[in-house]
There are 2 protein chains.
Amino acid sequence: MPTNRARPTRGTRRAPATATRAANQRADAQRNRAKILAATVTAIRGNLDASVADIAAEAGVGRMTLYGHFQTRAELIEEALVDSLERGEEVLKEVSLDGEAAAAFQRLVSSSWVLVDQSGALLAAAQKELPAARIRELHEKAEARMRTLLLRGQREGAFRTDLPVTWLLTTTHVVMNGAAEEVRAGRLDPGDAPWYIDAVLLPAFTQIIVTTEDT
Amino acid sequence: MPTNRARPTRGTRRAPATATRAANQRADAQRNRAKILAATVTAIRGNLDASVADIAAEAGVGRMTLYGHFQTRAELIEEALVDSLERGEEVLKEVSLDGEAAAAFQRLVSSSWVLVDQSGALLAAAQKELPAARIRELHEKAEARMRTLLLRGQREGAFRTDLPVTWLLTTTHVVMNGAAEEVRAGRLDPGDAPWYIDAVLLPAFTQIIVTTEDT
DNA sequence: ACTATGTCATACATTCCCGTACGACTTGTG
DNA sequence: CACAAGTCGTACGGGAATGTATGACATAGT
């Protein structure tokens, strides 16, 4: 149902987009839709509040074509975010969370980092356009995975328990995002990032009280 | 030289604002200027891209009055940032950096945190309106202080040397900003923040390799 | 108390962006 | 091949924000 020209009555709401996705679209259209989604990510990466025109240009597509697929800017970046998160889920759910908690955390961070680097900017843009509730809802799955891992680590004594899990979580987020920024600024090699992140987070979270010797 | 009505020829550039500050302004005007500067911080804190009208309203002042003091939005937030940083400098330069590096770091973080909490949002807004070079230039003093402290810590063996100082710096920034966000979201008590920050940063930076025992 | 100095309201021009409408053109698909 | 499905250019209307212009009004400072 891309071009709204085909729809006579426009009062009726669309079915939720997540449901019947690629119903009977033309192959060309599906490709363009994908191009636009991809372009949204890269365009937003470059400019946090890129205009619809910018995104369309980045996708090599007319602005009108874009509006044919996504009726409003908010819908566009929402669907782009959904798409990115779905794609991310497929990566993350392959990560084994078994075994030593610290090692599992390391694995999870390595995989998450890539996603944050790619879609982090998109998320920031979404936070300014979508209700906070919707954002949390979309992140729930990914966040829950990390949280339960941290909790298990605390129970098993691998991670310190004098800090609430929420703080461990935000610290993780924040450091990963910081690394993404550094990469974007050209001050950090993308390949090195996971190591830098771990190098900071692991000793910070590990349950070992270091008694500093006086003199 | 607030109202530009008084200035016949408007082609000539103003002298750098930082120089002759309160030349021969009326007391009233100086007060308003201060009110506007303060309002800028709080308004931006609430809404990252607050309009000039919003800021004027927050200051309890007409929009035109604001334009009398600051000829453009960019100039406004630049001067607000300068003001905040100057104010911050006066706090930070009282912090003793002598003695044990870790302890000094802790002191410096505690003091810096307050400033980040207050003016962090302003900085974010400034990053979207001012050239990056100007931002760095303004932060130089504060950043240099932290950097030299970290370097000294590394030389003295207090901080780990397997990570470049730049990464330690960004980590510090990023964690403080994260704490500020958490406070703004109501998920963290402002008084607890410094402790949480230290709790994460100190073990992360301290020069002690924890050998995880295999089974 | 008088005057330069500021303040404020209103109105206006400009710019930018979003979303819509139309119509001609191109291309996939049966 | 023919038709439906999709694309694109252009143009318009609405809204919001920036900055400008003007003049009436208030007030600080001498």
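All chains are named by letter (A, B, ...) in the order of the sequence lines, taking the proteins before the strands, and each is independently numbered beginning at 1.
- Between A:Met146 and A:Val109, some side-chain heavy-atom pair lies under the 4.5 Å cut-off.
- The shortest distance between the side-chain N/O atoms of A:Thr65 and the OP1/OP2 oxygens of D:dG6 is not below 4.0 Å.
- Under the side-chain contact (heavy atoms from CB on, under 4.5 Å) criterion, B:Glu78 pairs with B:Val82, B:Leu130, B:Arg134, not counting sequence neighbours.
- Per the geometry, CG belonging to B:Asp28 stands 17 Å off C1' belonging to D:dT30, to the nearest Å.
- Within residues 39-58 of chain A, no residue places a heavy atom under 4.0 Å from DNA chain D.
- Spacing between atom CG of B:Leu66 and atom C1' of D:dT20 amounts to 15 Å, rounded to whole angstrom units.
- One distance of note links CZ of B:Phe70 with CD of B:Glu75; it measures 7.0 Å at 0.5 Å rounding.
- D:dA21 atom P lies 10 Å from atom CE of B:Met64, rounded to whole Å.
- Separating the NZ atom of A:Lys35 from the C1' atom of D:dC8 is a distance of 13 Å, rounded to the nearest angstrom.
- Side-chain N/O atoms of A:Arg31 and base N/O atoms of D:dG6 include no donor-acceptor pair closer than 3.5 Å.
- In this entry the distance linking CZ of A:Phe70 with P of D:dG6 reads 14 Å, nearest Å.
- Residue A:Asn32 places none of its side-chain N or O atoms closer than 4.0 Å to OP1 or OP2 of D:dG6.
- Distance OH (B:Tyr67) to P (C:dT7): 16 Å, rounded to an integer number of Å.
- In this structure, CZ of B:Arg63 is placed 11 Å from C1' of C:dA11, rounded to the nearest angstrom.
- Contact annotation: A:His69 side-chain N/O to D:dT7 OP1/OP2 distance is under 4.0 Å.
- Taking CD from A:Glu182 and OG1 from B:Thr171, the interatomic distance works out to 8.5 Å, rounded to the nearest 0.5 Å.
- Looking at heavy atoms from C-beta onward, B:Leu122 lies in side-chain contact with B:Ser84 at the 4.5 angstrom threshold.
- For the atom pair OG (A:Ser96) and CZ (A:Arg107), the distance works out to 4.5 Å, reported to the nearest 0.5 Å.
- Taking atom CZ of B:Arg73 as the reference point, atom P of D:dT20 lies 15 Å away to the nearest angstrom.
- Taking 4.5 Å as the limit, every side-chain heavy atom of B:Glu79 sits out of range of all side-chain heavy atoms of B:His69.
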